[in-house]
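First comes the structure, then the notes that go with it.
We count ligands from 1, going down the list as the structure has it; atoms in each ligand are counted the same way.
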Amino acid sequence: MSGRRPLVAGNWKMNGTRENLAEIEALKAGLGDSSCDVAICPPATLITEAVARTGGSQLMIGGQDCHAEANGAHTGDLAAEMIADAGGALVIVGHSERRADHGESDALVRAKAEAGWRAGLLVILCIGETEAEYRAGETLAVIDRQLAGSVPNGATPGNLVIAYEPVWAIGTGLTPSNDDIQASHAHIRQRLVARFGQGGVAIRVLYGGSVKPANAGEILPLPDVDGALVGGASLKAADFLAIVAAA
Ligand code: PEP
């Protein structure tokens, strides 16, 4: 992990109502003095209450997406400023489910990342190849294309985290081999250093895709893996705490 402080972030996706806030409270209680950064991105309806219940703890709360604009006629959308106003500290942009379900392009993801920065949020920017691209041996080319197209100028370790999430590993129980994960992360690191110099050395690169308590102990110690973005296993505090412990 080379001195980078690990981050374990949970993405609840479209799961959770007020009763699930008990999991966030259990998470807060179980964290103790963890030596890594920990975040949960619940549905937008729960951000305000999740922030209220985690006040004074190291558990950060964030959004799962934001619009590129600060306000305006965009029915159903959420501005980064609204996430910040609700007490959120971070926002995920470019998740593969947004790229696939909503046709989000690299250019749009880049604009959303800039919106997150405008609102003072830490941005977790997701990249990763589809199964067809993986089978065609295009993983590193996809990473290059998405990094070049999605990551704005001005990235620093304090405002950007990259989440490498092979699309075929999300929610499937499949993961790349440890060697493949390390190779992809080392490649991302090299590209970040080439573009951002010393800042690129310290920008964290998370792995995402079917991280569970059972495999976290193998994946998280890999040299260029600085934590995890966790979907399904973030819904239960006990599972998520086990992953945090592995980091
Ligand atoms: C995700 O959606 O970012 C994710 C990694 O999901 P899961 O952990 O369920 O594969």
Checklist entry - Counting distance only, does the side-chain N/O of Ser57 pair as donor-acceptor with the main-chain N or O of Thr54 below 3.5 Å? => result yes
Item to check | Salt-bridge present (Arg4, Asp37; N to O < 4.0 Å) | outcome: no
Next on the checklist: Is the contact between Asn11 and ligand 1 made by the side chain, the backbone, both, or neither, using heavy atoms and a 4.0 Å cut-off?
Outcome noted: side chain
Checklist entry - Which atoms from ligand 1 have a heavy atom of Gly209 less than 4.0 Å away? => result 5 (C), 10 (O)
Checklist entry - Tell me: protein heavy atom nearest atom 1 (C) of ligand 1, and distance? => result His95 NE2, 3.2 Å
Item to check | Shortest heavy-atom approach to atom 10 (O) of ligand 1 - which of Gly10, Ala228, Gly171 | outcome: Gly171
Checklist outcome for this item: protein heavy-atom neighbour closest to atom 3 (O) of ligand 1 works out as Glu165 OE2, 2.7 Å
Next on the checklist: Give the atom numbers and elements of ligand 1 that come within less than 4.0 Å of a heavy atom of Gly232.
Outcome noted: 7 (P), 8 (O), 9 (O)
Next on the checklist: Would Ala169 count as a contact residue for ligand 1, given that I'm defining contact as a non-hydrogen atom of the residue lying under 4.0 Å from a ligand atom?
Outcome noted: yes
Item to check | Main-chain N/O of Val201 paired with Arg189 side-chain donor or acceptor, under 3.5 Å | outcome: yes
Checklist outcome for this item: Closest to atom 8 (O) of ligand 1 among protein heavy atoms sits Gly231 N, 2.8 Å
Checklist entry - Hey, are Arg118 and Glu114 close enough for a salt bridge, meaning a charged N less than 4.0 Å from a carboxylate O? => result no
Item to check | For atom 2 (O) of ligand 1, closest protein heavy-atom neighbour | outcome: Lys13 NZ, 2.5 Å
Item to check | Test side-chain contact (heavy atoms from CB on, under 4.5 Å) applied to Trp12 and Leu46, step by step | outcome: CA-CA 11 Å; Trp12 279 16; Leu46 298 180; 4.2 Å; yes
Next on the checklist: Over 60° means perpendicular and under 30° means parallel, so tell me whether His185 and Tyr164 are parallel, tilted or perpendicular.
Outcome noted: perpendicular
Next on the checklist: Taking 4.0 angstrom as the limit and counting only heavy atoms of Ser210, give me the atoms of ligand 1 inside it, by number and element.
Outcome noted: 7 (P), 8 (O), 10 (O)
Next on the checklist: Looking at Glu104 and Arg99, is any side-chain nitrogen of the basic one under 4.0 Å from a carboxylate oxygen of the acidic one?
Outcome noted: no
